[in-house]
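What follows is a single structure, written as C-alpha cells, with notes after it.
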There are 2 protein chains.
Amino acid sequence: MKELTTRQHEILGYIQLHFQSESFWPSIREIQSHFGFASTNAVMGHLRALERKGYISRVAGQARAYRVTFDHQEQAPDGATEVVEIPIYGSIAAGYPDGVETGGAIGSLQIDVDTAGIRRSRRAFALKVRGESMIDAGIFEGDIVIVEPGLPKSGDIVAALIDNETTLKRFIQQGSGAPFLKAENAAYPSLHPVSELVIQGVVKAVVRSL
Amino acid sequence: MKELTTRQHEILGYIQLHFQSESFWPSIREIQSHFGFASTNAVMGHLRALERKGYISRVAGQARAYRVTFDHQEQAPDGATEVVEIPIYGSIAAGYPDGVETGGAIGSLQIDVDTAGIRRSRRAFALKVRGESMIDAGIFEGDIVIVEPGLPKSGDIVAALIDNETTLKRFIQQGSGAPFLKAENAAYPSLHPVSELVIQGVVKAVVRSL
DNA sequence: CTTCATAATGCACACTTGTTTAATGTTCAT
DNA sequence: ATGAACATTAAACAAGTGTGCATTATGAAG
C-alpha cells in the first residue's frame, strides 16, 4: 500500500470521522469547507490520489458515493490480556457463592482481567447492585460490581453478608481497632458489626450499562 | 415505535441492504428504479413516512444524506455473546477519534457486546475520563466510558468536541428546540452550543477499576 | 535543469438529486 | 359515508454536487 502524504492523511481521517458521526459521506464541498480550501478542485486532487493509492473507491458522477476500501485504522494487535467469563448474581443467599453450580446466576459478562483488575486464579463473580447505600461512591442501583474473593484493605468496598443478605459497604479499619462497615450514603448508618462479619470479597470494578 | 406498512418495510430493507453492500445510501431515484416506480414522489412519500415514524433521519436538501436510526432487522444469530476489543484514548485532540494516529490509544479493553451495550458493527471506542463535570451522574475522574458513534437521544450522555477537547455532557433536546449540553455537576454551567457542535458518540457503558 | 507528484486557485458546466404542487385511487376504521 | 393514512403518477424547479480545463507554485527525483 502506497504511503499517504500528510494532507491526504488528513482528508482520509476527516471523511472517516464524518462517516462515523453522520453515517454518510461528506460531499466534496463539505470537505472543502472543513479544510478551508478556496476551490473544490483541491479536494478533487486529494480524492483522486486516495483512489489511485487504493484507500477509497468512488462511483463516478454520483453524490457522496464512495467507500473506504482500506481500513486505515489498524486494530491494536491482540495483547496478552486475557478475557474471563464472570457469572452475575442477583444476590448471594447463604455465604459464599458457589462457583460450581451457576444456578443462581442471572447472567454473565466477559471482560479482560486487566480492566476488571482481577486475577484469573481467584474465582471472581459479579453482583447486580440493589439499593442505594453506595450512591456517594458512584455505585447505583442496577450497576454490576465485579467482586474478587479475598481479604479487604481499609478503604476497599466489599461485598459483605449481613442478615443473610449481600450488601456493599466500605471496609474501614483504623489502626488496630475493630473494623467497621460504612455505607456511602449520608442517609445510611455505619455498621459496627459484631464478630459475625462475613466478607465475601472485594469489589474490583464497576460496570454500568446506560 | 410505530409499525411499518409492507411497502415501507420493503423500502427500509432495501436502503439498508444497499448501504451494507455499497457503504453509501441509495439516492431517491435509485430507490425509485429498484422498485419500478414511475415517479420519484412515490419514494418521497415513503421516506417521509419512515422519518415520521422515527426509523430514519434525513438531512434536507442533501444528496444521500440520511441514516437509519432504528435498526429494524439484524440480530445477532449466535447465542454466545461476543467479545470485542475497544481502544482506550486519553483524549481526542483534534476531532479524530480514529486510529489516524494509533499512538493516541493509551490502552485497550475487551468486553462482551451485551454488557457494554454496543453493536459490533459500529466502531466503539473508550475514553478515560478527566475532570468532574459528570460527577452527579456517577462518572468520576479515571473512569472509562465506552462510546459508540451515533446520534444521541435526549438524555443520553455524549462525548462532544468542544474547543478541540472531548468532554462528557448530557445531551438534552426539548421538543424541536435546539439541543444543549448539560454538565452533571452543580458547579458547572450548561452549554448552549452554536451550530459547531460535534457529537463524537453516545456513552453506552461506564467501567471503573477500583 | 527538467520532470513529475503534490498542493492549491478560479471558474464554469452539466448531471445528480431532493423537493414541490397537483391529482387519482385504495384501504380501513369510525 | 367520510375522513385519514397509504400508494402512486406526472411534470417541473432549484439546489447539491462531481468534473474539466487552465494556471501557479513547491519540492524531490532523475
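Lettering follows sequence order; numbering is per chain, from 1.
- At a threshold of 4.0 angstrom between heavy atoms, the contacts of G45(A) with the nucleic acid are absent.
- Residues that satisfy the ring-ring contact (aromatic ring centres under 6.0 Å, His included) test with F35(B), not counting sequence neighbours, are Y14(B), F37(B).
- R7(B) has no side-chain polar atom (N or O) that falls below the 4.0 Å cut-off from OP1 or OP2 of dT27(C).
- When the nearest nucleotides of DNA chain D are assigned to A38(B) and A65(B) by heavy-atom distance, the more 5′-ward of the two goes with A38(B).
- Between T5(B) and the phosphate of dA5(D), there is no side-chain N or O to OP1/OP2 separation shorter than 4.0 Å.
- Spacing between atom CZ of R29(A) and atom P of dC11(C) amounts to 14 Å, rounded to whole angstrom units.
- Atom CD of E51(A) and atom C1' of dT6(C) are 17 Å apart (whole Å).
- In this model, no side-chain donor or acceptor of N41(B) finds a partner on the base of dT8(D) within 3.5 Å.
- Within the 4.0 Å cut-off from OP1 or OP2 of dC6(D), at least one side-chain nitrogen or oxygen of K53(B) is found.
- Here the closest non-hydrogen pair linking A116(A) and S209(B) is C-OG, 4.3 Å.
- A donor N or O paired with an acceptor N or O is not found under 3.5 Å between the base of dG16(D) and the side-chain atoms of S27(A).
- Judged by distance alone, with hydrogens and angles left aside, S39(B) brings a side-chain donor or acceptor within reach of the base of dA10(D), the pair sitting under 3.5 Å.
- One can place CD1 of I28(A) at 13 Å from P of dT17(C), the figure rounded to the nearest angstrom.
- With salt bridges taken as basic N to acidic carboxylate O contacts below 4.0 Å, one links E10(B) and R7(B).
- Q62(A) has its CD atom 10 Å from the P atom of dT19(D), to the nearest Å.
- Applying the 3.5 Å distance criterion, the base of dG18(C) shares no donor-acceptor pair with the side chain of R58(B).
- Ring planes of H18(A) and F24(A): perpendicular class, angle over 60° (limits at 30 and 60°).
- The shortest distance between the side-chain N/O atoms of R52(A) and the OP1/OP2 oxygens of dT6(C) is below 4.0 Å.
- At a threshold of 4.5 Å between non-hydrogen side-chain atoms, the residues I86(B) and I118(B) count as touching.
- Within the 4.0 angstrom heavy-atom criterion, only backbone atoms of the sugar-phosphate kind lie near A60(B); the bases stay farther away.
- Smallest separation of non-hydrogen atoms from V202(B) and P152(B): CG2-CA, 3.6 Å.
- Within 3.5 Å, no donor on the side chain of T40(A) pairs with an acceptor on the base of dT17(D), nor the reverse.
- One atom, CE of M44(A), and another, P of dA12(C), lie 18 Å apart when rounded to the nearest Å.
- In this structure, R64(B) places its CZ atom 12 Å from C1' of dC15(C), rounding to the nearest Å.
- Candidate nucleotides dT6(C), dA7(C), dG20(D) were compared by shortest atom distance to the side chain of H46(A), and dA7(C) ranks first.
- For F24(A) and dT17(D), the CZ to C1' distance is 14 Å, given to the nearest whole Å.
- In this entry the distance linking CD of Q32(B) with P of dG18(C) reads 11 Å, nearest Å.
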